[in-house]
Amino acid sequence: MGKTVGIGITGGIAAYKMADLVSKLKKDDIDVIVLMTEGACKFINPLTFKTLSGREVGTDLWTESLEWKVQHIGIAEELDLLVIAPATANFLAKMAHGLADDLLSTVVVANTAPVLVVPSMNTNMYNNPIVQDNIKTLKSYGYHLMDPDSGLLACGVTGKGRLPESDDIYQQIITLLFPRKDLAGKKIMVNAGTTCEDIDPVRFICNRGTGKMGFALAREASQRGAEVILVSGPSTLEAPPDVKFYSVWNAQEMCDIMLEYEPVCDVIIGAAAVGDFKIAKVAEQKMKKTDDRSGRLILELVENPDILKELGARKHDNLIMVGFAAETENVLENACKKLTSKNLDFIVANDVTMEGAGFAIDTNIVTFISKTGEVKKLPKMSKDMVAAAILDKVAELL
Ligand code: PMT
């Protein structure tokens with residue numbers, strides 16, 4: 001493919017996983033230069049990467065290189081992309097502050113190609129505000145950051161911090177090396193996350209939607225050249241750069257914004273878990289415990305607007321509409337009903353009772369059902385990859 005990728009490996013237990021990634025890249029004829037910190041060399045022998053990449057592995061700033069006259073500059077000049085994975089807390093700090101005291105960090109400073117950083121560490125270390133600040137700093141310099149996966153970590157803790165699967169890192173590398181612009185010139189609106197309905201000034205009803213699925217769609221669509229409008233309920237996620245972002249509280253606010261933009265959209269994707277009901281009369285003051293000792297409180301709920309149904313009813317000729325169906329039983333049957341009643345082009349059904357599917361996790365297991373009756377079941381994939389598959393289908397329809 002004629003591209004060169006620098007793979008910078010720092011001292012984390014996940015360093016061994018990079019062997020698989022290097023091998024995958026080489027199979028696709030991508031030239032790889034591996035650079036390892038001293039810590040990385042304690043986890044895995046550079047010889048492994050020399051054998052897999054077929055090139056000298058850079059480990060020391062002071063060793064004379066056979067390939068490059070001035071090693072760190074020569075390497076940096078060759079790169080089309082630099083990947084730092086796994087990136088330890090220490091290396092993130094060095095990058096965020098421009099420290100250049102070993103071969104990899106000097107290459108980072110000398111490099112002018114795009115950079116992909118994949119942090120991996122213990123959950124508490126990852127959540128440390130200093131580490132999070134360093135990640136923010138790197139993002140502000142235009143570095144691409146991949147979120148770590150959640151799961152059982154080598155230290156025995158279960159939480160966020162695992163290095164993503166090598167397939168996912170590989171996919172991200174390919175996207176950055178060969179940016180597809182197949183959605184250029186298209187306006188795509190995505191909704192994401194939960195919606196919240198007030199009960200009183202301090203309480204509200206919401207659901208388990210976090211925005212992971214919808215934000216992945218917005219990010220992918222934007223990377224593929226679309227002009228993206230993202231309308232999300234409350235979420236802790238950061239909106240992707242270059243996306244017009246609306247943060248809303250309840251279903252009505254989400255509906256109002258989406259109805260306003262509908263006439264100018266080419267594609268609308270409903271990934272949000274919109275609350276079907278709201279409180280009939282929101283209490284003006286904080287509600288007190290009942291005096292009647294019944295131990296019961298009855299709240300009256302009324303229907304929220306069905307956003308996709310309203311959009312589907314006024315759908316203009318060239319608009320592609322995609323919905324999701326979060327189901328716990330009769331998945332395909334229920335999804336088909338929603339596909340028809342909301343006038344969608346296709347629906348993405350997820351059985352949210354399955355492990356690895358649905359709310360608040362990084363993966364999903366989905367089936368596409370088209371209005372033409374075509375059914376396509378996909379295996380468990382990261383939400384980023386599900387987003388790519390949905391947009392492939394959208395691009396086909398466009
Ligand atoms: O945000 P995450 O934590 O990543 O979780 C992802 C997800 C599980 C929320 C996502 O994959 C998903 O399934 N989203 C749709 C959830 C849902 O509300 O499904 P539903 O079957 O109730 O609704 C069907 C479709 O109609 C959806 O596209 C929904 O956005 C839309 N809808 C529903 C109700 C309503 N009042 N208005 C709507 O537009």
Side-chain angles (χ1 to χ4, degrees), residues 188-197 205-217 231-233 235 250-252 254-255 258-259 262 267-278 299 301-315 319-383 385-394 396-397:
I188 300 187
M189 177 159 61
V190 181
N191 68 6
T194 178
T195 56
C196 301
E197 303 299 339
I205 304 175
C206 66
N207 61 59
R208 297 171 200 274
T210 58
K212 282 175 186 268
M213 191 65 250
F215 279 54
L217 279 158
V231 189
S232 174
S235 168
N250 59 36
Q252 188 61 58
M254 186 175 267
C255 187
M258 294 187 79
L259 289 179
E262 182 270 341
V267 180
I268 294 177
I269 307 178
V274 184
D276 285 323
F277 295 95
K278 64 180 173 189
L299 292 172
L301 301 176
V302 291
E303 266 190 16
N304 258 329
D306 187 318
I307 305 175
L308 282 193
K309 203 169 185 171
E310 289 201 17
L311 291 165
R314 54 165 77 187
K315 185 177 175 193
L319 177 64
I320 306 283
M321 278 186 55
V322 183
F324 272 74
E327 301 296 340
T328 55
E329 56 177 354
N330 304 326
V331 178
L332 296 188
E333 197 185 316
N334 288 335
C336 281
K337 282 186 195 153
K338 289 174 183 170
L339 172 76
T340 316
S341 69
K342 296 175 195 245
N343 193 19
L344 306 173
D345 292 274
F346 73 98
I347 193 155
V348 181
N350 38 191
D351 178 346
V352 293
T353 63
M354 286 176 83
E355 205 182 316
F359 296 96
I361 49 170
D362 295 315
T363 56
N364 210 351
I365 308 167
V366 301
T367 303
F368 295 170
I369 309 167
S370 307
K371 69 174 179 192
T372 50
E374 194 192 326
V375 176
K376 186 176 171 193
K377 200 170 182 329
L378 300 182
K380 178 167 138 184
M381 301 197 297
S382 68
K383 283 185 175 165
M385 288 178 83
V386 172
I390 291 170
L391 290 166
D392 285 348
K393 176 90 188 149
V394 164
E396 232 175 72
L397 295 174

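By convention here, the first residue in the shown sequence is residue 1.
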*Evaluate the criterion side-chain contact (heavy atoms from CB on, under 4.5 Å) for residue pair Val331 and Thr367; output intermediate values, then yes/no.*
CA-CA 9 Å; Val331 178; Thr367 303; over 6 Å; no
*Decide side-chain contact (heavy atoms from CB on, under 4.5 Å) for Val190 and Val231; before the verdict, give the C-alpha distance in whole Å, the side-chain angles of both, and the deciding distance to 0.1 Å.*
CA-CA 6 Å; Val190 181; Val231 189; over 6 Å; no
*Verify side chain to side chain donor-acceptor pair (under 3.5 Å) between Thr195 and Asn250, making sure each step is shown before the conclusion.*
CA-CA 5 Å; Thr195 56; Asn250 59 36; over 6 Å; no
*Test log, rule side-chain contact (heavy atoms from CB on, under 4.5 Å), inputs Met258 and Leu311*: CA-CA 8 Å; Met258 294 187 79; Leu311 291 165; 4.2 Å; yes
*Show the numbers, then the answer: is there a side-chain contact (heavy atoms from CB on, under 4.5 Å) between Met254 and Ser232?*
CA-CA 7 Å; Met254 186 175 267; Ser232 174; 5.6 Å; no
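Between atom CD1 of residue Ile320 and atom CG of residue Leu344 there is a gap of 11.5 Å, rounded to the nearest 0.5 Å. Ile369 CD1 to Ile347 CD1: the interatomic distance, rounded to the nearest 0.5 Å, is 7.0 Å. Here the CD1 atom belonging to Ile361 is positioned 9.5 Å from the OG1 atom belonging to Thr210, to the nearest 0.5 angstrom.
With Asn364 contributing its side chain and Gly358 its backbone, the two residues share a donor-acceptor pair below 3.5 Å. Between the side chain of Lys371 and the main chain of Thr340, no donor-acceptor pair closer than 3.5 Å is present. In this structure a side-chain-to-backbone donor-acceptor pair under 3.5 Å is present from Thr194 to Asn207. Formation of a donor-acceptor pair under 3.5 Å by the Asp306 side chain with backbone atoms of Lys309 is found in this model.
Here the closest heavy-atom approach between residue Val322 and residue Leu308 is recorded as O-CD1, 4.2 Å. Among all heavy-atom pairs drawn from Lys342 and Met321, the shortest one is O-CE, 4.2 Å. Considering every non-hydrogen atom in both Ala326 and Lys338, the closest pair reads O-NZ, 4.4 Å. Across every non-hydrogen atom of Ala335 and Ala349, the tightest pair is CB-CB, 3.8 Å. Nearest heavy-atom pair, Glu310 versus Cys255, reported as atom, atom and distance to 0.1 Å: OE1-SG, 4.1 Å. In this structure, Ile365 and Glu355 approach most closely via the heavy-atom pair CD1-O, 3.5 Å.
Side-chain atoms of Asp362 and Ser382 include no donor-acceptor pair closer than 3.5 Å. Side-chain atoms of Glu197 and Asn304 form a donor-acceptor pair, as typed in the model, at a separation below 3.5 Å.
Under the 4.5 Å side-chain criterion, counting only non-hydrogen atoms from C-beta, Phe324 is in contact with Ile390. In this structure, the side chains of Ile269 and Met189 stay at 4.5 Å or more apart for every pair of heavy atoms. Using a 4.5 Å cut-off on side-chain heavy atoms (C-beta onward), Asp345 and Leu397 make contact. Side-chain contact between Glu327 and Val352: absent, with no pair of heavy atoms (C-beta onward) separated by less than 4.5 Å. By the 4.5 Å heavy-atom criterion applied to side chains, Met381 and Thr363 are not counted as neighbours. By the 4.5 Å heavy-atom criterion applied to side chains, Leu301 and Lys278 are not counted as neighbours. Annotation: side chain of Val394 is in contact with side chain of Phe346 (closest heavy-atom distance under 4.5 Å). Within the 4.5 Å cutoff, no side-chain heavy atoms of Glu303 are placed close to those of Asp276.
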